[in-house]
Amino acid sequence: MKEPAIRGHWSGRWAFVVATAGSAVGLGNIWKFPYMAGTNGGSAFVLVYLLCVIAIGLPLMMTEIMLGRRAQRNPVDGMAHLSAESHASRLWMGVGYLGIAAGILILSFYSVVAGWVLDYTVRAATNDFAAITATQAQAQFSAMIGNPQELLLWHTIFLFLTMLVVARGVTAGLERANKIMMPTLVTILLILLGYSLAVGEVSRSLAFMFRADFSKITPAAILSAMGHAFFTLSLGMGAVMVYGSYLQRHISIARATFYVVVADTAIALVAGITIFAIGFANQLEPAAGPGLIFQTLPIAFGHMPGGRVFATLFFVLVGFAAWTSSISLVEPAVAWLIERRKLSRARAALIIGGLIWVIGIAVLLSFNVWSEVKLLGFNIFDLLDKLTTNIMLPLGGLLMAIFAVWVMRAAHVKEELGLNERHYRYWRFATRFIAPAAIILVFLNLLGWLPGV
Ligand code: PHE
């Protein structure tokens, strides 16, 4: 197949919104948000996360789209191009490389977890959850992560599926798939929410997630909440930038950003409320860690009428949500190999996919055979997660914000963003001061260089 033009464009605003929402909505919302909230003290984490979404996520997503659309190139060459345009150092290309590395490292564990989702799809379809108890659900999850062959199989399948779409070009199949999958996923989530309203402990869940309890706020929890805001919105690594580079000129960046952020946040909150409500009703620990949804949702499905069908559909859809996110994780790397190294799309996908597959093996072994292997006190999975989510993404975002307001010409930025004066000023203030200050403060706080919290 002749490769589709890399500089293809989305068919319109909705296609861009849906694709960017497809990138944003993924395991981060349904798998990660609930367990991060669960292990970081519930409401403290949720409130800091929401604050970060509004104060940092919104302006930064606009910034990233703006950079991509202005550059019309992959993140590495795009940053080089924009810095040349602004007579600034070519070293800004480093932001692109940082993003490529982050995407590769994230997909290495993302693919393993997406593999769990595929595994659970089969379990759901074969009625494994029927009348399951909490203890059985926990045992089932432990048995799965304890089995490296099983994890390897699903990691391989998931990564293969991802690279297949990437090899064929982002826009064609992806746009269409996204448009059907996302609304269906939302529908099933609402059914689950309805179920948890009926039989779960919703008020306890709401209190856990929203009743402010700042005693639980630690520097590490703040960092995780901020990191998660980046992770869930796909920010700081060039995914949104590369999608923005396929966006036509006349489309409003602000409006598209608004839709994506609202959809992403709403889905995470609904998932969180549902999962804690079911968990509390079954005496499960919110702090169960990465296995949380795999230990709670089967209980709900296993006891509701039509549970087998809903469960299967649910895991298929979460798999799709993960799929549309994972594609955006490698798109910066692949676009760069094609545009810079002149590789074909297929070959670029093969190289990047191979690299991720190998790192992914180390990740899946860290749940069993290598569970005792620790670097800096973390196992391989935790290390990659923390390094990318808490350090690389916020750092990438910080550099992009600095670049957009301190390096680029204001006139260029203004033209690209197309905002009215009032909104432009708000964006500029947030990007110039609020977002960088917040990111720097959180970093300093983590290093213990700030008094207090
Ligand atoms: N936002 C995705 C999710 O929540 C993950 C992701 C992170 C995708 C960074 C692209 C870039 O699942």
Side-chain angles (χ1 to χ4, degrees), residues 17-37 49 52-53 56-57 60-61 64-65 68 74-75 95-96 98-117 158-159 162 165-166 170 174 178 181-182 185 189 224-244 257 260-272 290 293 317-335 352 356 384-397 400:
V17 170
V18 170
T20 310
S23 165
V25 176
L27 296 176
N29 307 61
I30 291 160
W31 159 72
K32 202 169 183 200
F33 172 72
Y35 95 74
M36 292 297 292
Y49 151 77
C52 290
V53 164
I56 309 178
L60 209 59
M61 183 172 281
E64 227 187 294
I65 301 173
N74 67 76
V95 176
L98 182 73
I100 287 180
I104 290 173
L105 294 178
I106 292 175
L107 190 52
S108 307
F109 67 82
Y110 205 84
S111 168
V112 172
V113 178
W116 302 352
V117 172
F158 181 80
L159 197 59
T162 298
V165 176
V166 172
V170 248
L174 210 66
N178 263 324
M181 299 301 159
M182 296 275 293
L185 177 65
L189 258 184
S224 303
M226 181 181 76
H228 186 70
F230 279 87
F231 185 91
T232 189
L233 293 173
S234 307
L235 292 176
M237 51 73 65
V240 170
M241 203 191 284
V242 90
Y243 277 17
T257 300
V260 173
V261 171
V262 168
D264 188 79
T265 311
I267 291 178
L269 293 179
V270 170
I293 68 160
L317 292 166
V318 174
F320 265 100
W323 201 13
T324 52
S325 300
S326 58
I327 286 156
S328 71
L329 278 164
V330 279
E331 187 57 23
V334 168
I352 301 293
I356 293 170
L384 285 184
D385 175 27
K386 299 237 158 28
L387 174 71
T388 52
T389 309
N390 293 355
I391 312 283
M392 293 172 88
L393 300 185
L395 186 63
M400 288 176 199

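Both ligands and their constituent atoms are indexed starting at 1 by order of listing. Because the structure is a prediction, the values reported are computed rather than measured.
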Nearest 0.5 Å, please: how far is [atom2] in [Y] from [atom1] in [X]?
| X | Y | atom1 | atom2 | result |
| --- | --- | --- | --- | --- |
| Trp31 | Met36 | CH2 | CE | 9.0 Å |
| Cys52 | Leu233 | SG | CG | 10.5 Å |
| Leu269 | Phe33 | CG | CZ | 5.0 Å |
| Ile267 | Ile30 | CD1 | CD1 | 6.5 Å |

State whether the shortest distance between N or O atoms of [X] and N or O atoms of ligand 1 falls below 3.5 angstrom.
| X | answer |
| --- | --- |
| Leu235 | no |
| Ser328 | no |
| Gly28 | yes |
| Phe231 | yes |

Review point. Just going by heavy-atom distances, which of Leu329, Val240, Val330 is nearest to atom 11 (C) of ligand 1?
Key: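 Among Leu329, Val240, Val330, the closest heavy atom to atom 11 (C) of ligand 1 comes from Leu329.
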
Tell me if a side-chain donor or acceptor on [X] pairs with a main-chain N or O of [Y] at a distance below 3.5 Å.
| X | Y | value |
| --- | --- | --- |
| Ser328 | Ser23 | no |
| Thr389 | Lys386 | no |
| Thr232 | His228 | no |
| Ser326 | Trp323 | yes |

Practice item. Measure the distance from atom 3 (C) of ligand 1 to every protein heavy atom, then report the residue, atom name and distance (to 0.1 Å) of the closest one. Key: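 Here the closest protein heavy atom is Ala24 O, 3.2 Å.
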
Exercise for review: Among all protein heavy atoms, pick the one closest to atom 8 (C) of ligand 1 and tell me residue, atom and distance.
Suggested key: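 The answer is Ser234 OG, 3.3 Å.
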
Check your understanding: Which one holds for Tyr110 and ligand 1: side chain close, backbone close, both close, or neither close, with close meaning a heavy atom under 4.0 Å?
Key ->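 For Tyr110, only side-chain atoms sit under 4.0 Å from ligand 1.
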
**Study point:** Proximity of Met237 to ligand 1 by residue part, where a heavy atom lies under 4.0 Å
**Key:**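 Met237 to ligand 1: side-chain contact only, backbone stays beyond 4.0 Å.
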
Exercise for review: Would you mind listing which atoms of ligand 1 come within a distance below 4.0 Å of any non-hydrogen atom of Ser23?
Suggested key: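 Once the distances to Ser23 are compared, the set is 1 (N), 2 (C), 8 (C), 10 (C).
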
Practice item. Please could you name the atoms of ligand 1 that Leu27 approaches to less than 4.0 Å, counting only its heavy atoms? Key: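 Heavy-atom distances to Leu27 below 4.0 Å select 12 (O).
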
